[in-house]
Amino acid sequence: MQFKQSSKMADVCYEIRGPVIEQADALEEAGHSVLRLNTGNPALFGFEAPEEILQDVIRNLSRAHGYTESRGILAARRAVAQHYQGRGLPEVGVDDVYLGNGVSELVSMAVQALLDDGDEVLIPAPDFPLWTAVTTLAGGKAVHYLCDESADWLPDLDDLASKITDRTRALVIINPNNPTGAVYPRELLEGMLDLARRHQLLVFADEIYDRILYDGEIHHHAAVLAPDLVCLTFSGLSKAYRVAGFRSGWLVVSGPRQHAADYLEGLGTLASMRLCPNAPAQYAVQAALGGRQSIEDLVLPGGRLREQRDVAWERLNEIPGVSCVKPRGALYAFPRLDPKVHPIHNDERFVLDLLLREKIQVVQGTGFNWPRPDHFRILTLPHADDLDAAIRRIGRFLAGYRQ
């Protein structure tokens, strides 16, 4: 008997770790060195976790042998609640916080608890593809609203409004944005939230990069701007605190809870079904949020992340036929390949050919639900010299590449 994948998998893709990675693994097994510019994993590029976080986890290992409360340990949830109280959400309490095995698990839980078959979720294009994948797996329909590259990748409010139907249940806001690096101004967020208000939509605010900001950019929490809306804010320790492997994330519920009592009951059921988040990583949360925010040294002028962002942006724009909007936040750049100069018809084929020839792994733009094969995403995590060399190699590859 042949066992086949569920039909629900037909429209599910996650190209950040898709088929190309299998070829990259094979190259490494054959003895080649592959520069992995596909996944935002700070540890691979020498970014170390703050020592106080590691020490707190170590000190508490003897207390982390058993299951915790399904939402997470009280001290960690209190630290998260106090963090958002200090940022303009005074009504958030410990019972509004769910800890998770990374934000990814919490996104899946939040979407599964909301959608019936055929319900729609508004998701940006380009997106972080997890949102589209979990919406599809939940039986829903991902409806992509366009972000405008000519406007620094900010969402097009008219396009967003045109995509709302009587089946729309939620609006996803990814800010700072992965993959584009856009940081949304207050006025734009208020416009997006007003649409959610008028159409009675739940708001999912993916804010995992809220501390990784450049050039004096300011991050505005969607939940703070719309206290009258039910909003689920997602964040965690993976990026700003450089402990991606801990899988330590959180979800915060804000707004009029009475409007969402039944939904939150379902969310609580799903939290209980997984028993609890991994216990040791929960002990990293209080130390992270209560300690010195060392990410600031990395994103200010002279900081390593800021320097790498600058080098990536400058070198990409030096390649003939390539243009790149300057990322204002996060850890990525999303350059465009001019079809008149680089007529790419299959961007997965492009990234595979680049991998085979140059041993550099990037991700094709269509992997982020961008509708045309004319973009790719590159990490800005490697050292500036390594980025400089890698992007120059990409430029040389493109100079002679044809499909």
Can you tell me how far apart [atom1] ([X]) and [atom2] ([Y]) are? Round to the nearest 0.5 Å.
X	Y	atom1	atom2	answer
L195	E190	CG	CD	12.5 Å
L99	I73	CG	CD1	7.0 Å
L354	D347	CG	CG	12.0 Å

Open item on the list: Determine whether H375 and T366 satisfy the following criterion, side-chain hydrogen bond (donor to acceptor under 3.5 Å, both in side chains), listing intermediate values before the conclusion.
Closed with: CA-CA 8 Å; H375 284 76; T366 56; over 6 Å; no
Open item on the list: Apply side-chain hydrogen bond (donor to acceptor under 3.5 Å, both in side chains) to residues E265 and Y263 and explain how you reach the verdict.
Closed with: CA-CA 5 Å; E265 181 181 345; Y263 168 66; over 6 Å; no
Kindly give the heavy-atom pair with the smallest separation between [X] and [Y], and that separation in Å.
X	Y	answer
G191	L157	C-CD2, 4.0 Å
L106	Y98	CD1-O, 3.8 Å
Q286	A75	OE1-CB, 3.7 Å

- [ ] Decide, yes or no, whether a salt bridge links R315 with E318 under the criterion of side-chain N to carboxylate O below 4.0 Å.
- [x]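 Result for this pair is yes, salt bridge flagged.
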Open item on the list: I'd like to know if R306 pairs up with D215 as an ion pair, taking the criterion as any Lys NZ or Arg NE/NH1/NH2 lying under 4.0 Å from an Asp or Glu carboxylate oxygen.
Closed with: yes
Task: Donor-acceptor under 3.5 Å (N317 side chain, C324 main chain) - done: yes
TODO: Would you kindly say whether T165 and E120 are connected by a side-chain donor-acceptor distance under 3.5 Å?
DONE: yes
TODO: Classify the side-chain pair D297/S294 by whether it contains a donor and acceptor separated by less than 3.5 Å.
DONE: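 No.
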Open item on the list: Walk me through whether E105 and R247 qualify under salt bridge (Lys or Arg N to Asp or Glu O under 4.0 Å).
Closed with: CA-CA 9 Å; E105 178 190 52; R247 309 310 301 131; over 6 Å; no
- [ ] Could you check whether the rings of F397 and F350 sit parallel, tilted or perpendicular, using 30° and 60° as the cut-offs?
- [x]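 Taking F350 first and then F397, their aromatic rings sit tilted (interplane angle of 30° to 60°).
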Open item on the list: With a 4.5 Å cut-off on side-chain heavy atoms, are I394 and E358 touching?
Closed with: no
Task: Beyond-backbone contact of F204 with L171, side-chain heavy atoms, under 4.5 angstrom - done: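 Side-chain contact under 4.5 Å: no.
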